[in-house]
Amino acid sequence: MSKPKFVYVTYIRATPEKVWEALTKANLTEKYWFGYRVSAEGKPGDYMTAVNPAGRQAHHDPILESDPPRRLVYAWKPLYKDLPQEPPSRVIFELEPAKGQTRLIVTHDEFSEGSKIFEMISKGWPAVLSSLKSFLETGRGLEPSWNEEETKRAVQA
Amino acid sequence: MIDTARFKPKTVYVIYIASTPEKVWQALTDSAFTRQYFFGFAVDAEPRVGGAFRLLAPDGRVHVRGKIVSWDPPRLFASTWLVEGMQGYGELPECLVGYEIERSGEAVKLTMTESHSWEVPEEILKGGQTGWPKILSGLKSVLETGKPVAMKMEGPPPDMTEAVKKALVEKPWL
């Protein structure tokens, strides 16, 4: 059995610089990432941090590569205690100009076989990246009712 | 009736759209609307199960021909696809393309599933995996911003053309 790997491609009517900014600045992510403040502005060796809408830390993961506005790689290990403890996985963002748009490829891999977190992110990324696209093209992200479980988890103190 | 059980899902793409199920349905089935995001192609669908499905290129040639398998507005739309507009592709077994439209809070969740009846090589699946994100990103943009998307369809990469040639010789579906 092969190890699970998630790939999602989306086209966004914005420059790679704008998409990069929206992926790495907490004051922008909170407008579309369902209230999460995600900061990933640092260099390799620094950390990607995410704080949920209740103010609780959800991520503190090393940034592995950062080449603005083209490529960003960080580790991924949610800090929620109710989740199964799994080794960190890896998220790769690739941004390419595509005729006035940006092609954004998100690859989430390095999961162990049978990973529960893989199932969660497979549902989560399409919602987050759809909301990112809406935010950059219309100024408004999508409503966070996309995943009740995640919403519940987000407001738990 | 078409036996859909023999088709297995190979490519699934999910996208959330700030819209209503009715508008998403129209965006998928109305030819004037599909031209705004589907590389200028027009969907021509007879509105009933068993009806004819065609995807017409901007010059009017038939690119895809098929039969409607599900027609349940504004929730389910599926048809078989025989890609006649590309050299050799029309001789491959038809595939099944289905759209499911669901409300998700204030948005709409659209799930596209491309299913096949045989062990399709990865190189051939690549075609859809390259095309669907462009098409469905465009659909979302048009519904949310009202502006058409000018994206062109790219020709098949050489390894895809090779894989089609090989499949037509070996006919692994027989």
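Within every chain, numbering begins at 1; the chains are lettered A, B, ... in the order of the sequence lines, protein sequences first and strands thereafter.
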Answer yes or no: does atom [atom1] of [X] have more than 12 heavy-atom neighbours from other residues, nucleotides or ligands under 6.0 Å?
X: B/K171; atom1: NZ; result: yes
X: B/R6; atom1: CZ; result: yes
X: A/K18; atom1: NZ; result: no
X: B/K10; atom1: NZ; result: yes

TODO: Please step through side-chain contact (heavy atoms from CB on, under 4.5 Å) for the pair B/K147 and A/R13, ending with a clear verdict.
DONE: CA-CA 11 Å; B/K147 290 181 207 147; A/R13 260 193 277 206; 3.5 Å; yes
Task: Inter-residue atom distance A/T10.OG1 - B/I15.CD1, 0.5 Å rounding - done: 5.5 Å
Task: Value rounded to 0.5 Å, distance of OG1 in A/T138 from NZ in B/K140 - done: 7.5 Å
Applying the 4.5 Å side-chain criterion to the ILVMFWY set and letting contacts propagate, would [X] and [Y] be lumped into a single cluster?
X: B/W81; Y: B/Y37; result: yes
X: A/Y36; Y: A/I63; result: yes
X: B/F41; Y: B/M86; result: yes
X: B/Y99; Y: B/L82; result: no

Open item on the list: Applying side-chain hydrogen bond (donor to acceptor under 3.5 Å, both in side chains) to B/E144 and A/S134, what does each step give before you reach the verdict?
Closed with: CA-CA 7 Å; B/E144 293 186 1; A/S134 294; 2.8 Å; yes
Task: Nearest atoms (heavy-atom pairs only) where B/S141 meets A/K133 - done: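 That closest heavy-atom pairing would be OG-NZ, 2.6 Å.
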TODO: Write down the atom of B/Y13, the atom of A/V9, and the distance for their closest heavy-atom approach.
DONE: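 Here B/Y13 and A/V9 meet closest at OH-O, 2.5 Å.
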- [ ] Determine the option with the most heavy-atom pairs under 4.5 angstrom with chain A, choosing from B/V14, B/V149, B/T130.
- [x] B/V14
Task: Closest-packed option against chain A by number of heavy-atom pairs under 4.5 Å, given B/K109, B/M151, B/Q129 - done: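 Option with the greatest count: B/M151.
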Task: Flag side-chain contact, heavy atom, 4.5 Å: B/P133 against A/Y11 - done: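 Sidechains of A/Y11 and B/P133: in contact.
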Open item on the list: Let's test your reading of the structure: which of A/P126, A/A98, A/S131, A/G100 forms the most heavy-atom pairs below 4.5 Å with chain B?
Closed with: A/P126
TODO: Check whether B/K152 gets within reach of chain A through its side chain, its backbone, both or neither, counting any heavy atom under 4.5 Å.
DONE: neither
